[in-house]
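Please read the structure below before turning to the comments.
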Amino acid sequence: MAATMNKTPATTFLLIPAAASLVLLLAAAASVEASAFDYAGAFDKCLLFFEAQRSGKLPDDRLVRWRGDSALTDGFSQGVDLVGGYYDSGDHVKFGLPMAYAVTMLSWGVVEFEKEMVDGNKLHRVLDAIRWGTNYFVKAHTQHNALWVQVGDGDSDHLCWERAEDMSTPRTAFKIDINNPGSEVAGETAAALAAAAKAFKPYDRMYSDLLLLHSKQLFTFADTFRGKYDDSLQSAKKFYPSASGYQDELLWAAAWLYEATGDEQYLRYVSQNAEAFGGTGWAVTEFSWDNKYAGLQVLLSKVLFEQGGSAAGYADTLKQYQAKAEFFLCACLQKNNGHNVKMTPGGLMYVSDWSNMQYVSSSAFLLTVYADYLAESRGTLRCPDGEVKPAEILRFARSQVDYVLGKNPKGMSYMIGYGSYYPTHVHHRGASIPSIYAMNATVGCMEGFDKYYNSKNADPNVLHGALVGGPDANDAYDDDRCNYQHAEPTLAGNAPMSGVFARLAASPADNTPEYTPAPNAPSPSNGGSPLEFVHTVTNTWKANGVDYYRHVVTAKNTCGQAITYLKLQIKELSGEIYGVSRTNAKDMYEFPSWMTRLDAGAQLTIVYIQGGPAAKIAVVEYKTA
């Protein structure tokens, strides 16, 4: 099932682990705090996921050995070769829009972090992942004004739970053309091919030129014959509807063509259409396969950073793009005058109840690249709630990645195969059914549901590197294969992480200096506290004869002014803690990385799990606005 944006949010709940699982949870949480994350290892696994999603004839040197050849006649019944490409998520539909977005993001990662990928000996594998997608797009672009954009139908595909190698569902292919336009998917495919062309240019100039040729033709097609793709392609509307329209993809494609070619006509296009197409009007708090505005705005900000005065004829418009890019970034950093991305109590950005991790990965990518843009230009990000240095932006992006890899209230890695504690019931057909190399007998459509979809057994095939949809708004996660809103991985969710992992692997240590308050920072002089603490035990359970408790402490600001700096002493703490950031000083904690102030009357929520008595919390120092 594909990740969509228009589903009714599921009811949130707290998952209480079984006693045996709790011991593992606490051990995992302790190890997370004690050691740095292996970003290079996570990067390696991220690339394995793309191998596991490949459709078509697989190469002999593949690393994911439990997968076999599949869908070897895609398109043949309609007179076109559509073998190859990627399966979208836990199903076997090849959806063109999110696939193209994933290839764009993989390519953007190479454009920004090529050196880091070379140093980590990963560049060739990333380029292989990109080429698997771009080869498919070139085949699918059969005429100047025609593009095959989907193979398989979501409704019929979802009626079966079977391996890709056993597929028995219809493989109907769908295309857009001048009579059935689809500017979103044509534009995104043009962007993907342009971004890939730039990535390949130093290594395969002929291939890069081929990709650019198709990119330019597709952009012209998308722009000349404008129309929403999900009006032409009803089979996609239920799964990947275009909520933002096609104007963002037209601007996005033109921006990537400018990035790849330096041809001024594309810069002129994004400038002339900036207002009419929403490029300088949309202020957004998400970046996704559907809504490209934040990515577009960051990409065009790069032109200002790199060209400065040489972009003078377009500088005013580019600065407007940059202002909207910084709105998005400040919203992620919780410094946008209240117009911020929501956060879970454990510190994860939370945009949607459906496949939220895809928004986390895309946001982390934009934060990471913009931090580097600023660092190179020796600039800072000026947000409504304060100035942010590049290192602080990178630290926040790192906090999101660390949450994904296990620094979260469950102590669970949401990347499959990373660490020792991760989901084992992924909403993914191939992972949940024994490999054809382990069990050669065909698994039928309904047999798959009976024996494997509803099974409580762990997946027989580890889907290494898959980023699942993630926890709910309260940091709870139900490891249930049927829970597709949270348990299903997608191409769109994984692709941005590739570049982020490459960047963090190159500088794994967080050397950002701890914030030091001004010498005149006031402290309570009368023995009183600016915070009113309310302590609650929300759950209790026993494991190996020890009673464990989940403690929730709310700290309400009662001093009458906004608190801009806070130092807490938390003593007798033996378990993990969330909602505050540990400092280098023993027992000392400050605001979490996503919080810069606590307004009068507002509350800070702290959560920790431990056996024995409650920890002791006291205010040591604070500063008001």
Side-chain angles (χ1 to χ4, degrees), residues 12 14-17 22 25-26 28-30 32-34 334 340 342-350 395-396 399-400 402-403 406-412 471-477 514-515 517 523-524 528-541 547-559 562-624:
T12 58
L14 177 67
L15 175 64
I16 306 302
L22 177 67
L25 185 155
L26 293 175
V32 162
E33 185 66 30
Q334 308 299 291
N340 297 318
K342 293 180 181 178
M343 306 288 292
T344 70
L348 181 72
M349 287 185 284
Y350 201 81
R395 179 162 64 176
F396 180 82
S399 76
Q400 298 303 293
D402 289 353
Y403 185 110
K407 192 173 182 180
N408 56 64
K410 288 188 67 65
M412 170 183 277
D472 67 17
N474 295 315
D475 301 296
Y477 182 81
E514 291 289 335
Y515 173 72
S523 297
S529 171
L531 301 179
E532 177 182 85
F533 293 100
V534 176
H535 176 264
T536 307
V537 175
T538 59
N539 283 290
T540 179
W541 57 91
D547 290 319
Y548 288 95
Y549 304 90
R550 184 180 188 271
H551 301 263
V552 176
V553 179
T554 58
K556 183 178 181 180
N557 180 358
T558 57
C559 74
I563 297 174
T564 56
Y565 173 76
L566 177 68
K567 181 180 285 187
L568 298 176
Q569 182 182 57
I570 305 179
K571 302 181 70 173
E572 299 179 17
L573 178 70
S574 61
E576 262 303 307
I577 190 165
Y578 304 92
V580 288
S581 293
R582 190 187 304 272
T583 71
N584 292 329
K586 182 181 178 182
D587 298 334
M588 295 299 174
Y589 297 80
E590 296 176 349
F591 279 142
S593 59
W594 62 89
M595 180 179 289
T596 58
R597 61 187 281 148
L598 186 67
D599 291 329
Q603 292 187 162
L604 170 69
T605 300
I606 303 170
V607 180
Y608 63 94
I609 298 173
Q610 68 181 30
K616 296 179 180 179
I617 305 178
V619 176
V620 174
E621 189 175 8
Y622 73 104
K623 182 179 179 180
T624 57

Calculate, to the nearest 0.5 Å, the distance between atoms CD1 and NZ belonging to Ile609 and Lys410 respectively. 8.5 Å
When rounded to the nearest 0.5 angstrom, what distance separates NZ in Lys342 from CD in Gln334? 11.5 Å
With a 4.5 Å limit on heavy-atom distance, are the side chains of [X] and [Y] in contact?
{"X": "Tyr622", "Y": "Lys567", "value": "no"}
{"X": "Leu531", "Y": "Ile563", "value": "yes"}
{"X": "Asn474", "Y": "Thr344", "value": "no"}
{"X": "Met349", "Y": "Gln400", "value": "yes"}
{"X": "Ile606", "Y": "Pro345", "value": "no"}
{"X": "Val619", "Y": "Leu568", "value": "yes"}
{"X": "Thr605", "Y": "Val552", "value": "yes"}
{"X": "Thr564", "Y": "Thr624", "value": "no"}

Hey, are Lys616 and Glu572 close enough for a salt bridge, meaning a charged N less than 4.0 Å from a carboxylate O? yes
One pair to check against side chain to side chain contact (heavy atoms under 4.5 Å, CB included): Thr554 and Leu604. What are the steps and the verdict? CA-CA 6 Å; Thr554 58; Leu604 170 69; over 6 Å; no
Applying side chain to side chain contact (heavy atoms under 4.5 Å, CB included) to Val620 and Met588, what does each step give before you reach the verdict? CA-CA 9 Å; Val620 174; Met588 295 299 174; 4.1 Å; yes
For the student: nearest non-hydrogen atoms of [X] and [Y], plus distance:
{"X": "Ile570", "Y": "Ala615", "result": "CG2-CB, 4.0 Å"}
{"X": "Ser399", "Y": "Ser593", "result": "OG-OG, 3.6 Å"}
{"X": "Tyr578", "Y": "Lys407", "result": "CE2-C, 4.3 Å"}
{"X": "Tyr608", "Y": "Ala614", "result": "OH-CB, 3.5 Å"}
{"X": "Ser529", "Y": "Thr558", "result": "O-OG1, 4.1 Å"}
{"X": "Leu348", "Y": "Pro471", "result": "CD2-CG, 3.9 Å"}

Does the [X] side chain pair with the main chain of [Y], one donor and one acceptor, at a distance under 3.5 Å?
{"X": "Glu590", "Y": "Ser581", "value": "no"}
{"X": "Asp402", "Y": "Gly406", "value": "no"}
{"X": "Asn557", "Y": "Cys559", "value": "yes"}
{"X": "Tyr350", "Y": "Asp475", "value": "no"}
{"X": "Asp587", "Y": "Lys571", "value": "no"}

In a table with atom names and distances, give each donor-acceptor pair under 3.5 Å that connects a side chain of residues 594-602 to protein atoms at least two apart or in another chain.
from	atom 1	to	atom 2	distance (Å)
Arg597	NE	Asp599	OD1	2.8
Arg597	NH2	Asp599	OD1	3.1

With sequence neighbours left out, write down each residue that passes side-chain hydrogen bond (donor to acceptor under 3.5 Å, both in side chains) with Lys556, or none if nothing qualifies. none
For Tyr589, check side-chain hydrogen bond (donor to acceptor under 3.5 Å, both in side chains) against everything at least two apart and list the hits. Arg582
